[in-house]
Structures are given as structure tokens and as C-alpha cells.
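Below is one structure, written out as C-alpha cells; comments come after it.
To find a chain, count down the sequence lines: A is the first, B the second, and so on, and within it residues start at 1. The model shown is predicted, which means the values in this text are computed figures rather than measured ones.
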There are 2 protein chains.
Amino acid sequence: MKLTSKGRYAVTAMIDIALNQNNGPITLSLISERQGISLSYLEQLFAKLKKADLVSSARGPGGGYRLSRSADEISISQIIHAVDEIIDAQKCGGKVNCQAGEKCLSHELWRDLSALMDSFLKGISLQSLLDKEHGSAKEMKEIKFG
Amino acid sequence: MKLTSKGRYAVTAMIDIALNQNNGPITLSLISERQGISLSYLEQLFAKLKKADLVSSARGPGGGYRLSRSADEISISQIIHAVDEIIDAQKCGGKVNCQAGEKCLSHELWRDLSALMDSFLKGISLQSLLDKEHGSAKEMKEIKFG
DNA sequence: CAATACTTGAGTAATTTACATGGTTATTGT
DNA sequence: ACAATAACCATGTAAATTACTCAAGTATTG
């Protein structure tokens with residue numbers, strides 16, 4: 001779980017598409033203008049978003065990107081994970097015996113927290129963000145430690 | 001709201017202290033050895049953690065750091081915020097009129113998400129992490145959009 | 001007074017971020 | 001067929017951030 005401005009750019013772009021895709025596919029040029037993100041950077045991001053099957057593309061005039069699924073089937077977690085690489089929680093492997101040590105305990109606890117945060121973001125869909133009406137309490141009831 | 005490996009280091013270090021501070025203050029050298037973080041980097045992080053009043057320090061032999069409050073009064077949110085600077089959600093100010101535009105709408109939605117995420121991490125205390133028994137459902141009931 | 005350990009600061013290699021540039025391929029309308 | 005469009009692809013890079021080294025200073029203990 002990692003959360004940087006890169007993830008913000010991705011989520012922002014996905015929001016832009018979700019809001020405008022009624023009239024057909026959205027070009028990256030349009031998103032670039034509207035959101036103030038460089039075209040080149042958007043290309044990088046959308047290569048990953050496509051690889052993660054969150055958007056589909058159409059070439060040529062009238063082409064662009066659209067969501068590959070309905071907005072309530074796309075979670076914020078998926079978007080973040082598509083573009084932001086994961087924080088390596090264990091560099092334990094190596095000389096140090098890190099099976100029962102203090103080190104691994106802390107790492108384990110961090111991994112728990114990371115999983116918890118991910119579950120949280122899995123419960124928030126792109127659509128619910130747009131609607132501003134995702135009752136988080138309802139969705140959160142399922143989240144527990146493994 | 002920002003979340004990088006820097007935040008992970010901070011949380012890990014705080015966990016280390018919480019687990020060991022019974023016998024008195026914990027030195028950064030110890031944390032450095034146990035967690036595999038460089039002393040110099042820990043010094044940077046703990047300067048901020050102290051500034052945020054999450055730890056208190058004692059100099060000289062037998063000195064070190066301890067939590068400035070009980071572990072269940074320190075939230076993960078506080079730790080993260082102490083070391084990780086906030087993502088600038090609005091670069092809208094400038095030439096573009098960004099009061100009602102698409103741009104500001106996306107930014108507003110991101111800010112909502114950010115706030116939601118923060119509320120979530122506010123509900124998780126250092127202690128509950130250690131206990132692995134923070135029923136998130138109970139805590140989450142309060143979280144709603146503004 | 002010597003050892004400890006926090007405090008402070010300057011400097012730096014490595015990585016990541018965000019962008020620029022210059023192409024190529026596929027699709028559309030004329 | 002032929003432009004125009006827009007996704008795709010690759011390389012390069014300035015700026016920022018990360019995580020660290022090194023070197024001093026200051027407060028506390030025994």
C-alpha cells in the first residue's frame with residue numbers, strides 16, 4: 001500500500017473519465033487540459049491502468065479511453081495499485097535470522113495495517129466517490145484482521 | 001494524506017518503542033539495529049516525531065526516546081502526518097478560473113477521499129495495532145462525508 | 001571528566017516524479 | 001488512397017525525495 005501524488009493523478013483522471021464518458025471515449029489531450037496533467041505523464045499512467053484492465057482504449061479519430069467496467073465495480077484500491085508500486089514490507093531476508101526477531105514482528109504489524117488500509121480502499125468505489133454517498137460504516141463492517 | 005515507506009519507517013519505529021519502553025527510554029541505536037534503519041535517518045524522523053509531540057526524549061546515558069502519551073492515545077494518522085508531508089490537492093490557483101471547472105471538482109473529490117482515509121487512520125491507535133484487536137467496524141461507524 | 005545519547009547541519013548517491021521530445025501504428029472521414 | 005486523429009512506444013531529463021554518511025555540538029549520567 002502506497003499513496004502518493006501519482007495515485008492522486010490516476011484517481012483524478014479516472015474521475016474525469018467517469019464524469020464525461022457518456023458522449024463516447026475521452027482523449028488524453030482533453031484530460032490533460034482539464035486536469036492540468038501533462039500528456040506524456042498521462043500516457044505512462046494509462047498504460048498501467050489499461051494493463052490492470054481498468055480502462056479500454058480506441059484508436060483513431062473519435063477514439064480515446066473509457067472505463068472498462070461500470071464505475072461502481074472499480075475500487076480506489078485498484079486504481080492506486082495499478083500505478084503505485086507496493087511498499088516492500090520485508091527486507092528481512094538475508095543474513096539476519098528474522099523469523100522470530102523484533103524486526104519481523106514490526107514488519108508483520110505493518111503488513112496488518114497495510115492490509116487494513118487496502119480493505120478500506122477496496123470498499124470505496126469510483127462511483128461512490130462521485131455520489132458522495134458511500135456509507136462507509138456499512139462497508140466497513142466486514143473489515144477485520146485476518 | 002500521503003503514505004510512503006518513510007511513513008512505514010516511522011510507524012515501525014514507534015511500534016518498536018511501544019513494545020520495549022517498559023525498561024525505560026529506547027535509544028535510536030537500538031532501533032537502528034533492530035529495525036535495520038540508519039541512525040541518521042532515524043534522527044531526522046524523530047526530530048519530527050518530537051516536534052509533533054508523539055515522543056519525548058532524555059539525553060545522556062540511560063536516555064533515549066519514549067512515547068509522550070499512552071499508545072492508545074497515539075493514532076497512526078498522527079504518526080504519518082508527522083513525517084510525511086501532505087499532498088497538495090489544489091494547484092488550481094493561477095491563471096485558470098478553477099472555481100466551478102472540471103478541475104476543481106476532481107480536486108474536491110480527491111480531498112474528500114483523503115479526508116476519509118485520514119479519518120480511518122485516526123481510528124487506529126498504536127495500541128490497537130499491537131493488540132490486533134481494534135474492531136474497525138465499531139470505529140468506522142462515525143466516519144461519514146462532511 | 002569521560003562515556004552516553006540526543007541535537008544539529010552539511011553534503012550526497014540513488015530513486016522517483018513529472019515531463020519533453022520524437023517517433024510508430026491503427027482508425028476514421030473525405 | 002489520403003490526411004487527420006489519437007493511441008502506443010521509447011529515450012532522455014530536470015527536479016524533488018529518499019535514505020544515508022560524516023562531523024560536529026550539547027546535555028546528562030556515574
Side-chain angles (χ1 to χ4, degrees), chain A residues 2-13 17 20-21 23-68 80 82-88 91, chain B residues 2-13 17 20-21 23-68 80 82-88 91:
Chain A
K2 192 177 166 185
L3 189 59
T4 68
S5 56
K6 195 174 179 177
R8 179 171 70 83
Y9 283 127
V11 171
T12 303
I17 294 183
N20 294 291
Q21 68 175 351
N23 315 346
I26 309 295
T27 68
L28 294 189
S29 307
L30 261 178
I31 300 180
S32 174
E33 282 176 30
R34 280 200 289 248
Q35 304 301 334
I37 312 171
S38 80
L39 182 58
S40 157
Y41 197 40
L42 282 173
E43 284 172 350
Q44 282 182 38
L45 296 177
F46 273 78
K48 294 184 177 184
L49 290 173
K50 192 185 176 183
K51 205 171 182 178
D53 195 34
L54 297 176
V55 295
S56 59
S57 62
R59 285 184 166 187
Y65 287 94
R66 64 179 75 214
L67 303 184
S68 63
I80 303 276
V83 299
D84 268 329
E85 272 74 55
I86 304 164
I87 296 180
D88 47 334
K91 289 178 184 169
Chain B
K2 190 177 166 185
L3 187 60
T4 68
S5 56
K6 196 174 179 178
R8 179 171 71 86
Y9 282 128
V11 171
T12 303
I17 294 183
N20 295 291
Q21 69 175 352
N23 316 347
I26 309 296
T27 67
L28 293 189
S29 308
L30 261 178
I31 301 180
S32 174
E33 282 177 29
R34 280 199 291 246
Q35 305 300 334
I37 311 170
S38 81
L39 181 60
S40 152
Y41 198 40
L42 282 174
E43 284 169 350
Q44 283 182 37
L45 296 177
F46 273 79
K48 295 185 177 184
L49 290 173
K50 192 186 176 182
K51 204 170 182 178
D53 195 35
L54 297 177
V55 296
S56 58
S57 61
R59 286 182 165 187
Y65 288 95
R66 65 180 74 215
L67 304 184
S68 63
I80 303 276
V83 299
D84 267 330
E85 272 75 54
I86 304 163
I87 295 179
D88 46 334
K91 290 179 183 168

Picking from [options], which would you name as closest to the side chain of [X]?
X: R59(B); options: dC19(C), dT27(C), dT7(C); result: dT7(C)
X: D84(A); options: dA7(D), dT17(C), dT7(C); result: dT17(C)
X: S5(B); options: dA20(C), dT4(C), dA19(D); result: dA19(D)
X: Y41(B); options: dT27(C), dA19(D), dT7(C); result: dA19(D)
X: K2(A); options: dA7(D), dT17(C), dA5(C); result: dT17(C)
X: Y9(B); options: dA18(C), dA19(D), dT29(D); result: dA19(D)
X: T4(B); options: dT18(D), dC8(D), dT7(C); result: dT18(D)

Select base, sugar-phosphate, or nothing to describe what [X] touches, counting heavy atoms under 4.0 Å on all strands.
X: L28(A); result: sugar-phosphate
X: I26(A); result: sugar-phosphate
X: F46(B); result: nothing
X: L30(A); result: nothing

Terminal axes of the helix from dC1(C)-dG30(D) to dT30(C)-dA1(D) (five pairs each): angle between them, nearest 10 degrees |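 Taking the rotation axis at each end, their angle is 20°.
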Contact nearer the 5' end of DNA chain D, comparing T27(A) with V83(B) = T27(A)
Could you check G64(A) against G60(B) and say which one's nearest nucleotide on DNA chain D is further toward the 5' end?
->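 The residue mapped nearer the 5' terminus is G64(A).
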May I ask you to verify whether the side chain of S38(A) and the base of dA18(C) hold a donor-acceptor pair under 3.5 Å?
->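 Absent.
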Can you find a donor-acceptor N/O pair under 3.5 angstrom joining the side chain of E43(B) to the base of dC6(C)?
-> no
Output yes when a side-chain donor or acceptor of Q35(A) lies under 3.5 Å from a complementary backbone atom of T12(A), and no otherwise.
->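 A pair under 3.5 Å: no.
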Determine yes or no for a side-chain-to-main-chain donor-acceptor pair under 3.5 angstrom, with S57(B) supplying the side chain and G64(B) the backbone.
->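 Checking the backbone N and O of G64(B) against the side chain of S57(B), no donor-acceptor pair under 3.5 Å is found.
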Out of curiosity, L42(B) CG to L30(B) CG, how far, rounded to the nearest 0.5 Å?
->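 Between L42(B) CG and L30(B) CG, I get 11.0 Å after rounding to 0.5 Å.
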Which whole-number value in Å describes the distance from [X] [atom1] to [N] [atom2]?
X: Q44(B); N: dA10(C); atom1: CD; atom2: P; value: 13 Å
X: Q35(A); N: dC19(C); atom1: CD; atom2: C1'; value: 17 Å
X: Y65(B); N: dT4(C); atom1: OH; atom2: C1'; value: 14 Å
X: L45(A); N: dT17(C); atom1: CG; atom2: P; value: 10 Å
X: R8(A); N: dT17(C); atom1: CZ; atom2: P; value: 13 Å
X: E33(A); N: dA6(D); atom1: CD; atom2: C1'; value: 14 Å
X: K48(A); N: dC9(D); atom1: NZ; atom2: C1'; value: 15 Å
X: K6(B); N: dT16(C); atom1: NZ; atom2: C1'; value: 14 Å

Shortest non-hydrogen contact from [X] toward [Y]:
X: S32(A); Y: L39(A); answer: OG-N, 3.6 Å
X: L49(B); Y: A82(B); answer: CD2-CB, 4.0 Å
X: Q21(B); Y: L67(B); answer: OE1-N, 3.0 Å

Partner of Y65(B) under side chain to side chain contact (heavy atoms under 4.5 Å, CB included), chosen from L54(B), I17(B), T27(B) =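 The passing option is I17(B).
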Taking L45(B) as the fixed residue, which of I31(B), V55(B), L28(B), V83(B) is the one that meets the side chain to side chain contact (heavy atoms under 4.5 Å, CB included) rule?
->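 Of all the options given, the one that passes is V83(B).
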Evaluate the side chain to side chain contact (heavy atoms under 4.5 Å, CB included) criterion for residues Y41(A) and K6(A): first the C-alpha distance (whole Å), next the side-chain angles of each, then the deciding distance (0.1 Å), finally the verdict.
-> CA-CA 10 Å; Y41(A) 197 40; K6(A) 195 174 179 177; 3.2 Å; yes
Does K50(B) place a side-chain N or O at less than 4.0 Å from the phosphate oxygens OP1/OP2 of dC6(C)?
-> no
Hey, is the side chain of S29(A) poking within less than 4.0 Å of OP1 or OP2 on dA6(D), counting only N and O atoms?
-> no
Which sits closer to the 5' end of DNA chain C, I37(A) or A58(A), going by the nucleotide each is nearest to?
->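 Nearest-nucleotide comparison on DNA chain C picks I37(A).
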Toward the 5' end of DNA chain C, which comes first, P61(A) or L39(A), by nearest nucleotide?
-> L39(A)
